[in-house]
Each structure stands twice: as C-alpha cells, then as structure tokens.
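The figures here come from the full heavy-atom set of this structure, side chains too, leaving out hydrogens, waters and symmetry mates.
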Amino acid sequence: MSPLSSGLLGDLDPTSDRAVFRQIADQLREAIDRGRFREGEKLPSEADLVDHFGVSRMTVRNAFSILQGEGLVHAEHGRGVFVRPRPPVRRLASDRFARRHREQGKSAFIVEADAAGSHPQVDSLEVKEEKASQDISTRLGSVRRVLARRRRYLLDGKPVEFATSYLPLDIARGTPIAEPNPGPGGIYARLEELGHHLDHFEEEIRARMPSPAEVKTLRLAAGVPVIHLIRTAFDTEGRAVEVCDTVMAADAYVLSYQLPAT
C-alpha cells in the first residue's frame, strides 16, 4: 500500500483562497511535524502527489521548494525529496572546553564527535602569519600581526563547520601551535603548556543566511542557515590569548547551555 493511500495526506480545499501549492506544502509539513514521515525518510514522489492531488508537476515542485526553503527537506538528484535529519551534534557549552578533555588529548570537536557516534576529520588546513583585522586586533589587545589557523571540520565525511583561530605572535610563533598538527588536545593544551592557563571564554553568537562561499565550503542545501560564533579565550591573567571565528551549518548542531539561577 502506498503512503498516500494510507491516509497520510488529505485533500485540497477548493474553497480556500490559499494557493494550491501552499496547501500541499502545509499538508506535507504537518505530516512531517506529526512524525508520519520520519527523519531521513523519502517523501511521496512528484508523480504520487500529482495523482493524489490532481495537480501539475510544477505545482508539486513549488510545494517542495517551500519546504526546502524552510530547511525541512532536501532533494537528492535522481532519488527524490527526503526529510532532513535533526542536528546530530549537541554542543554543550559548559563541558566542551573542560580541562579534563585536553588532559586526555582530545579537542572539543573530537569530544562532540565521540558523543554523537561520528567520525571526525579536519581538512583545508592553513597556518600562516598575517596582519590582524581591526576587529581581531581589538579583541586581542591591539596586536598588529597574528598567527591564523584555518580549518574545516567534517563528521562522517560531511562538512559541518569551518573556523579560523587568531593568536598573538608573541605567544604562538615558533611553538607547536604554528605547526599544522599542534598535538594532542589541540592549541588550548599547547597554550596551557606555555603558561597561559585558561580561565574563561566569551562567545558571541548570531544566526544568518550563508554567503555563496559558505554554501560551497559547507555544501549547504537550499534554505539552511549558518551559526556564526566568535569566541575569545582568556588566561588567568586576564589576557585574550585566542579569538576563534567559526561558521557552522545550522542543521548539524544543537547549541546547549547551562545557566545559573542566581
């Protein structure tokens, strides 16, 4: 029995002034929200929906386009339209930079990947000295030049974020931080070995639609926004020792925070 013949979708309302393709999108959205179509499941084909609703293929495609724009579904060429999976990675702010992870030789990304049961990878690595932008200079205490570490993170082969860390040259030059692989625990472990014991982090977060370059780098489907996060790391002397500018695929993460009640 086909999904449409089992009563998962209803009929159009010919008396409604709402456009037909929007009515179809409404029904599919409701079916997804109610769990009638599960994460990763294929939606009825264009042909099935054309037969069920008695509409043209273009009308069905317009309905799919609405759902893609909302980030609910994604299309795979030659296969069909599928319900987009929920974010697989929970980014727990209160735990991801815990010292115990660094002492175990794990970076925050590896900790999160392990928790999600995914295989982590890093590519597109670039490490170089460069002039600091005005914003980075201000955040790092008016430094003129920085060591920049650019990289892209992948889970199970799929890009999920890319980030650039900026560090003052008087801290990073000539140290393992300037090497492509800074060693177990990442750059934060090396900073603490250099005497810059980390005290706290400050993060600024905003959501926005991606630029064309970000769409390409993260292989984003239509309608998927990004989370833009800028984090500053401070040592116990109050010095800003790193600024990390990160862009994350919003469909890959849940940002989780624990806040004090006082």
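- Using a 4.5 Å heavy-atom cutoff, the side chains of V247 and T217 are not in contact.
- Side-chain atoms of S65 never come within 3.5 Å of backbone atoms of R61 as a donor-acceptor pair (strictly under, hydrogens ignored).
- Under the 3.5 Å distance criterion, the side-chain polar atoms of K158 are left unmatched by any main-chain donor or acceptor of R219.
- I171 has its side chain within reach of R239: a pair of non-hydrogen atoms, C-beta onward, lies under 4.5 Å apart.
- Residue pairs meeting the ring-ring contact (aromatic ring centres under 6.0 Å, His included) criterion with at least one member in residues 206-237, sequence neighbours excluded, are H200-F234.
- In terms of the salt bridge (charged side-chain N to carboxylate O under 4.0 Å, His left out) criterion, residue partners of R34 (sequence neighbours excluded) are, by chain and number, E30.
- Contacts classified as salt bridge (charged side-chain N to carboxylate O under 4.0 Å, His left out) and involving residues 171-195 (residues at least two apart or in different chains) are given here: R99-E192, R102-E192, E129-R173, R190-E193.
- Under a 3.5 Å cut-off, the side chain of R29 and the backbone N or O of L72 do not form any donor-acceptor pair.
- Contact between A163 and C244 at its shortest, heavy atoms only, is CB-SG, 4.0 Å.
- Clustering of Ile, Leu, Val, Met, Phe, Trp and Tyr by side-chain heavy atoms under 4.5 Å joins L154 with none of the others.
- S118 and D156 share a donor-acceptor pair across their side chains, judged by distance under 3.5 Å alone.
- Applying the salt bridge (charged side-chain N to carboxylate O under 4.0 Å, His left out) test to residues at least two apart or on different chains, the pairs with a partner in residues 8-20 are R18-D26.
- Between R152 and P159, the closest heavy-atom pair is NH1-CG, 3.7 Å.
- I24 is listed as a side-chain neighbour of L28, based on a closest heavy-atom distance under 4.5 Å.
- Residues in residues 102-122 take part in these ring-ring contact (aromatic ring centres under 6.0 Å, His included) pairs, two or more places apart or across chains: F109-Y153.
- Listed for the R150 side chain is no donor-acceptor partner under 3.5 Å among the backbone atoms of A148.
- Contact check for V143 versus L169: no side-chain heavy atoms found under the 4.5 Å cut-off.
- Checked options E204, E202, E242; the residue passing with R139 is E204 (criterion: salt bridge (charged side-chain N to carboxylate O under 4.0 Å, His left out)).
- A donor-acceptor pair under 3.5 Å is formed between the side chain of R149 and the backbone N or O of P180.
- Remark: E237 CD is loosely packed, at most 12 non-hydrogen atoms of other residues, nucleotides or ligands lying under 6.0 Å away.
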